[in-house]
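Input: a single structure, listed below in C-alpha cells.
Indexing begins at 1, ligand by ligand and atom by atom, following the structure's order.
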Amino acid sequence: SKSSSTANSSSWTSFLKSIANFNGDLSSLTAPPFILSPVSLTEYSQYWAEHPDLLLSINNAVNKNTFEPSFPSVVEYTPDLVKMLHVVRWFISTLKSQYCSRNESMGTEKKPLNPFLGELFVGKWEHEQNGSVTADLGDTVCLSEQVSHHPPITAYSIFNEKTNVSLEGYNQIKSTFSSASLSVKQYGHALLRCKNKEQQEQKDDTFLITLPSLHIEGLLLAAPFVELDSKSYIQSSSGYFAIIEYSGRGYFSGKKNSFKCKIYKSYESYIYDKEGKPSSSASQEASGSSSEKQNNKEDKKPLFVISGQWSGISNIYTSSSDEKKRKNGQVFYDASRVAAEHLHVKPIEKQNPWESRRAWEKVANAIKSGDYNLIHQEKSQLEEEQRMLRLSEQEKNTTWKTRWFDNSSINSVQNEDFVSLAKMCNLSVKNVPSGTRVGDKYDTHASASTDGSNGDEVVKHWRFVKENWANETEITL
Ligand SMILES: CCC(=O)OC[C@H](C)CC[C@H]1O[C@H]2C[C@H]3[C@@H]4CC=C5C[C@@H](O)CC[C@]5(C)[C@H]4CC[C@]3(C)[C@H]2[C@@H]1C
C-alpha cells in the first residue's frame, strides 16, 4: 500500500495546510486515507461500558458498607459513599477506551466516519453465568443513534435490567485549531441511574457526569493522540460531589493522561475548600454554633483524593496532604490490569440498513485497503443517498423523526433529574460546553433561555425514550 513515509508526509503536509483555514467543521477536512478510521462515531458510545463489571458494581456490590481499598480507621463508609466510590472508579475506567482505543488498535488517533442522520449502532455485553457469580447479570445493552447531522450529535443509552443500572447521554463537539493542536470542547453530559431493587419506594440514585475538553497532540508528527484537559464533575443525588482535573505531560505530574480527583461530601464542601469560606448559599444554613463551625472545618476537606494516570495506575488517599506526600495511599484503579471487554455486535448480514457497520461496510473496506479513489466513490454514494432523503423530506414538507431519543425541553419531566443535579453543583443547564458553571461567560452569553423569555428558543437536551425501544420492531440486538 502507499504507506511509504514520503507519500504520508506529502499528503500530510498538504492536509496540515488545509487545517490552517479550518472553519470548525471537521467533515470539511479531507484527511489523507492513512488517518481515516473505518469506525463511525456512533460506535464511540460503547466506550462508556467496556468494563461492564465496574458499571454494574455500582448497584450490585456484595457489601454495600465498604469499598476496597478501604481505610476503615479513617473513613465511615455509608451505602451512598460506597456507591459514589464505585461510580468514580467506573468513570475513570471508561477514559482509556474513550480516548486511547484507536491508538491501541490502529497505532494513532484516527478521524472517525461522520455518521449520517438516523445512523444506529446497537450491541450487548453478555454476562455469562460462571460458577462464582451467583446472580444472573443478564445482558448490558448499548443503543446509539445519530440524532443530528448538522451539527453531528450522538445520543446513547446503556442499561442492564437485572442490576437496574442505566446510563444515558449525548455528545456533540466544537473544535478549533490553536498552535498546531486541535482543541475540542465537548457538549452534552451523561446521566447514571440506579434503581433500589429492595426499597421500591426509595427514589433512584442518580449521578450527573460532565465531559472534559480535550486536544489532539502530535498532529505535526502525523501521530495524533488525545490529551484531556480542564475538568469534569460528578454530582450524586445523595449529595456527594467529585471534581476531576486533567493534565498532560509537563503539568503537575509530568506524565501524560494525568488526573487528580477530589471527592467531597457535597458541592458546598468543595466550594468551602476551594474558596476558604462557605459558599453564599451554604453560609446562611451554617451560621450556627461554634461546634457547627468546627463541623464545617471537617466538612470542607475532601473525603478522598485520587491521582495518577487514567490510562495507567491511580492511587487513593484520605487527604490532600497524604496525596501530596504520596503516603498512606492505596491503588485505586489500574487501567492496564484488566483488558477492555468489547460488546457483541451481530454479523453485518443480519444488520438493518440503518446500522452503522452495514451502512459503511464498503467505505470501511476501502479505507482498510487505503484505496483513496474507492473511499471517495463509496462515500459520495452514501452522501448522495442521504441528500435524496433530505430532498424528499423537503418535498413532502416532513422533518426527520428520531427513533429512540427525544430532544426534550429543559422544563419537561424528562429533564427533572438533570436540572436538580445541575442545581446541586451550580452547573448551567443550557447548551454550553459540558461542565460550564452558572454565570460563566458561555452560560450568560448562551442564546436559548430556560424559560423561553423574550421569544428565545427554549433549551433542549436529548433524552432516551424507553417506550420507543420497548416498541422497536425492526432493530434487534
Ligand atoms: C482535523 C481533522 C482530522 O482528521 O485530524 C485527524 C486527527 C485524527 C485528529 C482529529 C480527530 O481526532 C479524533 C478524536 C475524536 C474524539 C475521541 C473521543 C471522543 C469521546 C466520545 O465519548 C465522544 C466523541 C469524542 C470526543 C471524539 C470526537 C471526534 C474526535 C475529536 C476526532 C477528530 C476528528
Side-chain angles (χ1 to χ4, degrees), residues 8 11-50 91 93-115 121 142 144-148 151-158 167-190 209-230 232 246 257 310-311 340 356 367 375 379 433-435 462:
N8 285 359
S11 58
W12 188 257
T13 18
S14 58
F15 164 63
L16 288 180
K17 283 199 195 92
S18 76
I19 288 179
N21 43 40
F22 177 61
N23 64 0
D25 176 3
L26 285 168
S27 59
S28 68
L29 288 162
T30 49
F34 68 86
I35 204 67
L36 296 178
S37 165
V39 179
S40 165
L41 215 41
T42 51
E43 291 216 22
Y44 285 49
S45 307
Q46 67 189 301
Y47 298 141
W48 280 101
E50 293 207 306
F91 176 71
S93 81
T94 65
L95 301 175
K96 191 176 175 201
S97 291
Q98 295 281 14
Y99 304 108
C100 301
S101 52
R102 282 73 57 191
N103 301 69
E104 293 187 332
S105 59
M106 298 187 272
T108 71
E109 185 52 88
K110 298 273 187 173
K111 184 181 185 191
L113 292 169
N114 184 16
F121 174 71
C142 174
S144 181
E145 175 179 350
Q146 196 68 5
V147 292
S148 167
I153 302 176
T154 308
Y156 52 87
S157 169
I158 294 172
L167 176 81
E168 66 163 275
Y170 69 93
N171 186 280
Q172 176 186 348
I173 63 164
K174 289 189 182 174
S175 28
T176 53
F177 266 95
S178 54
S179 59
S181 137
L182 181 77
S183 297
V184 177
K185 283 198 177 310
Q186 295 197 67
Y187 287 65
H189 49 264
I209 297 142
T210 69
L211 310 167
S213 60
L214 54 103
H215 58 276
I216 310 284
E217 296 190 11
L219 277 178
L220 291 177
L221 308 170
F225 65 93
V226 166
E227 187 55 272
L228 296 181
D229 41 46
S230 81
S232 62
Y246 304 93
N257 307 152
W310 45 264
S311 58
S356 183
I367 289 173
I375 295 169
K379 250 188 179 179
S434 197
W462 288 98

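Not a single heavy atom of Tyr47 sits closer than 4.0 Å to an atom of ligand 1.
Listed by number with element, the atoms of ligand 1 under 4.0 angstrom from any heavy atom of Ala31 are 4 (O). Counting the atoms of ligand 1 from 1 in the order shown, those under 4.0 Å from a heavy atom of Leu26 are 1 (C), 2 (C), 34 (C). Counting atoms of ligand 1 from 1 in the listed order, those under 4.0 Å from a heavy atom of Phe177 are 1 (C). When each atom of ligand 1 is checked for a heavy atom of Pro112 under 4.0 Å away, the hits are 32 (C). Residue contact check: Leu182 has heavy atoms under 4.0 Å from atoms 10 (C) of ligand 1. Within ligand 1, counting atoms from 1 as listed, the ones closer than 4.0 Å to a heavy atom of Gln186 are 26 (C).
Summary of contacts: the protein heavy atom closest to atom 31 (C) of ligand 1 is Val184 CG2, 4.0 Å. Annotation: atom 4 (O) of ligand 1 to nearest protein heavy atom, Lys111 CD, 3.2 Å. Here the heavy atom of the protein found nearest to atom 24 (C) of ligand 1 is Asn171 OD1, 3.9 Å. The nearest protein atom to atom 18 (C) of ligand 1, hydrogens excluded, is given as Gln98 O, 3.4 Å; this is a heavy-atom distance. Arg102 NH2, 3.3 Å is the protein heavy atom nearest to atom 17 (C) of ligand 1. Protein heavy atom in closest approach to atom 3 (C) of ligand 1: Phe15 CZ, 3.5 Å. If you check which protein heavy atom lies closest to atom 1 (C) of ligand 1, you get Leu29 CD1, 3.5 Å. Among all protein heavy atoms, the one lying closest to atom 11 (C) of ligand 1 is Lys110 O, 4.1 Å.
Between Trp48 and ligand 1, no N or O atom pair is found at a separation short of 3.5 Å.
For atom 34 (C) of ligand 1, the nearest protein heavy atom lies under 4.0 Å away.
For the side chain to side chain contact (heavy atoms under 4.5 Å, CB included) test with Tyr187, the passing option among Pro151, Pro433, Ser434 is Pro433; the others fail.
A perpendicular orientation is assigned to the rings of Tyr44 and Tyr47, their planes being inclined by more than 60° (bins at 30° and 60°). The aromatic rings of Phe34 and Trp12 lie tilted to each other, with the angle between the two planes from 30° to 60°. Ring-plane geometry between Tyr156 and Trp48 is classed as parallel, the angle between the planes falling under 30 degrees on a 0 to 90 degree scale with a further cut at 60.
Residues Tyr246 and Ser232 have side chains that bring a donor and an acceptor to within less than 3.5 angstrom of each other.
With atom 12 (O) of ligand 1 as the reference point, the heavy atom nearest to it among Asn114, Ile35, Ile216 is part of Ile216. Of all the listed residues (Phe225, Tyr99, Tyr156, Trp12), Tyr99 holds the heavy atom that lies closest to atom 20 (C) of ligand 1.
Within the model, atoms CD of Glu43 and OG1 of Thr154 stand 11.0 Å from one another, a figure rounded to the nearest 0.5 Å. To the nearest 0.5 Å, atom OG of residue Ser37 and atom CE of residue Met106 are 3.5 Å apart. Taken to the nearest 0.5 Å, the CD1 atom of Ile216 stands 9.0 Å off from the OG atom of Ser183. Taking CZ of Phe121 as the start and CD of Gln146 as the end, the distance is 13.0 Å to the nearest 0.5 Å. Rounding to the nearest 0.5 Å places OG of Ser213 at 8.0 Å from CD of Gln186. Within the model, atoms CG of Leu95 and CG of Asn257 stand 9.0 Å from one another, a figure rounded to the nearest 0.5 Å.
Classification of Glu50 and Lys96 as a salt-bridged pair fails, no side-chain N sitting under 4.0 Å from a carboxylate O.
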